[in-house]
Amino acid sequence: MSFTLATWNINSVRLRAALVSRLLTEEAPDILCLQECKSPVEKIPAETFHALGYTHMIARGQKGYNGVAILSKLPIEDAGDKDFASLGHARHVAGRLENGVTIHNFYVPAGGDVPDRERNVKFGQKLDYLTEMRDWFRAERPEKAILVGDLNIAPREDDVWSHKQLLKVVSHTPIEVEHLGQAQEAGDWVDVTRAHIPEGQLYSWWSYRSPNWDAADKGRRLDHIWATADIAGAAHSSRVLRAVRGWEQPSDHAPVFASFDL
DNA sequence: ATGTCTGGCATCGCCAGA
């Protein structure tokens, strides 16, 4: 069984339903995982995606913030969700394909502006969220699983436009990178994107606040595709669709793709 | 500090979150 999977922080699935349709039409991934849908599940334009062949949707939503969804051409069953750090947020949902592969779709908390949990509650929540992910993976020992999403951390020096200038900026601080690394290690997760693209600067997000995002290229790789070690070797063809960041009224994130031959 | 977006509403201008 072969399939192509994509992950994309859409920053409002209702406002950008036409962009989702365009990606589904032009790139036709078998599975698209969305984050920041910012919509209750019942208001996601599922019929629009259904008409394009995405007849399955598993989603968790809330009013205004967060929200994750998995759109699929392939049959997929709901495999539950977790509310790490007990935030009461819709930040995770899992689906299981007929071949037994589980897909986890995550939206890790952004963590606010100040990288100090004593002064910024949101930063502490982000670290707690990652710690609870780690503990869950330690207990669960996931197999035949894929984890995607906006993890809101750019772990490597070449995942940001300036390692030095971002060391104290939330998303690239050493403590966040350490927490993410522990969660990754606990689940024996392979960073599929970097396994395929090991060299060079690679980003999936460019701030709305920076004009000329393309020329300035002050990006960060916040969006990830991981796979457990048992199936990571079946992955190939990873890529970031940078051009999507240049579409009209875009999300500030570009979609990340990978294919699997299982 | 600034920049730019989003959804929500004690809504038509502001706020929080990112």
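Each chain gets a letter, A, B and so on, in the order its sequence line appears, and its residues count up from 1.
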**Q.** Separation of dG7(B) C1' from Q62(A) CD (nearest whole Å)
**A.** 12 Å

Q.
Using the rule given for side chain to side chain contact (heavy atoms under 4.5 Å, CB included), can you reason through L166(A) versus K218(A), listing the C-alpha separation, both sets of side-chain angles and the distance that settles it, and then say yes or no?
A. CA-CA 11 Å; L166(A) 287 169; K218(A) 293 185 173 180; over 6 Å; no

**Q.** Length of the NE2-C1' vector between H89(A) and dG17(B), whole Å
**A.** 10 Å

Q. How close or far is atom P of dA18(B) from atom CG of D223(A), stated in whole angstroms?
A. 15 Å

(Q) Could you report the tightest heavy-atom contact between F260(A) and A258(A), atom names first, then the distance? (A) CE1-CB, 4.2 Å

Q | Given D83(A), N105(A), D81(A), the one that forms side chain to side chain donor-acceptor pair (under 3.5 Å) with R60(A) | A | D81(A)

(Q) According to salt bridge (Lys or Arg N to Asp or Glu O under 4.0 Å), does anything in residues 167-183 of chain A pair up with another residue at least two apart or in another chain? List the pairs. (A) K126(A)-E176(A)

Q) Judged by modelled atom types alone, do S204(A) and R221(A) share a side-chain donor-acceptor pair under 3.5 Å? A) no

Q. Separation of W206(A) atom CH2 from dC5(B) atom C1', in whole Å?
A. 17 Å

Q: Could you identify which residues of residues 109-124 of chain A place a heavy atom less than 4.0 Å from some atom of DNA chain B, listed by residue number, or say none?
A: A110(A), K122(A)

Q) With no hydrogens and no angle check, is any side-chain donor or acceptor of K144(A) less than 3.5 Å from a backbone partner on N99(A)? A) yes

Q | Closest heavy-atom pair and its distance - W189(A), P142(A) | A | CZ2-CG, 3.8 Å

Q) Does G64(A) or D252(A) map to a spot on DNA chain B nearer the 5' end, using the closest nucleotide for each? A) G64(A)

(Q) Taking only side-chain N and O atoms of Q249(A), does any of them lie within less than 4.0 angstrom of OP1 or OP2 on dT6(B)? (A) yes

**Q.** First encountered from the 5' end of DNA chain B, between N9(A) and R16(A)
**A.** R16(A)

Q) Taking atom P in both dT2(B) and dG7(B), what distance in whole Å separates the two? A) 24 Å

Q.
Whole angstroms only, please: what is the CH2-C1' distance between W213(A) and dC5(B)?
A. 16 Å

Q) Taking the side chain of R209(A) as its heavy atoms from C-beta onward, which of dG8(B), dT6(B), dG3(B) lies nearest to it? A) dG3(B)

Q: Name the nucleic acid region contacted by R220(A), choosing base, sugar-phosphate or nothing; use a 4.0 angstrom heavy-atom cut-off, strictly under.
A: nothing

**Q.** CA sep, side-chain torsions, deciding dist, call: D159(A), H172(A), side chain to side chain contact (heavy atoms under 4.5 Å, CB included)
**A.** CA-CA 9 Å; D159(A) 289 337; H172(A) 191 61; 5.6 Å; no

**Q.** Nearest-angstrom distance, C1' atom, dA10(B) to dC5(B)
**A.** 24 Å

Q | dG17(B) to dG3(B) separation - C1' atoms, rounded to the nearest Å | A | 16 Å

Q: Tell me whether the OP1 or OP2 atom of dC9(B) has a side-chain N or O from K63(A) closer than 4.0 Å.
A: yes

(Q) It should be established whether S12(A) places a side-chain nitrogen or oxygen under 4.0 Å from OP1 or OP2 of nucleotide dG7(B). (A) yes

Q: Round to the nearest Å and state the distance from K43(A) atom NZ to dG7(B) atom C1'.
A: 11 Å

Q) Taking the side chain of Y65(A) as its heavy atoms from C-beta onward, which of dG17(B), dT6(B), dA18(B) lies nearest to it? A) dG17(B)

Q.
Using whole Å, what does the distance between atom C1' of nucleotide dG7(B) and atom CD of E36(A) come to?
A. 11 Å

Q) Taking CD from Q165(A) and C1' from dT2(B), how many angstroms apart are they, rounded to a whole number? A) 15 Å

Q.
Taking dT6(B) as the reference, what is the distance to dT11(B) when you measure between their P atoms (whole Å, please)?
A. 22 Å

